[in-house]
Amino acid sequence: MEVVVIVLGVILLVIGFLAGISILWTIGIALVVIGLVLWVLGAVGHQVGGRKHYW
């Protein structure tokens, strides 16, 4: 799940940068950060949202 969020965030970052649409850039950054946080928490074994693993 977190990989999908990170990839979607990167895609939105690229589209926002190329098209000059700042809202896509902002949403892309937020998705990348959320995906990285979920990935790190899952990697160290912490439960996220009551689940040990997201996939």
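What's counted below: heavy atoms across the whole structure, side chains too, no hydrogens, waters or symmetry copies. Nothing here was measured: the structure is a model prediction, and the numbers come from that model.
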Is it true that Val5 and Ile23 fall in one hydrophobic cluster, defined by side-chain heavy atoms closer than 4.5 Å? yes
Can you tell me how far CG of Leu13 sits from CD1 of Ile29, rounded to the nearest 0.5 angstrom? 5.5 Å
Output all residues satisfying side-chain contact (heavy atoms from CB on, under 4.5 Å) with Leu24, sequence neighbours left out; order by chain, then residue number. Leu12, Ile15, Ile21
Between Leu18 and Trp25, is there a shared hydrophobic cluster once you connect ILVMFWY residues whose side-chain heavy atoms come closer than 4.5 Å? yes
Between Leu31 and Ile6, does a side chain to side chain contact (heavy atoms under 4.5 Å, CB included) hold up when you go through it step by step? CA-CA 6 Å; Leu31 286 177; Ile6 294 170; over 6 Å; no
For Val40, which residues count as a side-chain contact (heavy atoms from CB on, under 4.5 Å) partner, sequence neighbours excluded? none
Please step through side chain to side chain contact (heavy atoms under 4.5 Å, CB included) for the pair Trp39 and Val3, ending with a clear verdict. CA-CA 8 Å; Trp39 185 25; Val3 174; 5.8 Å; no
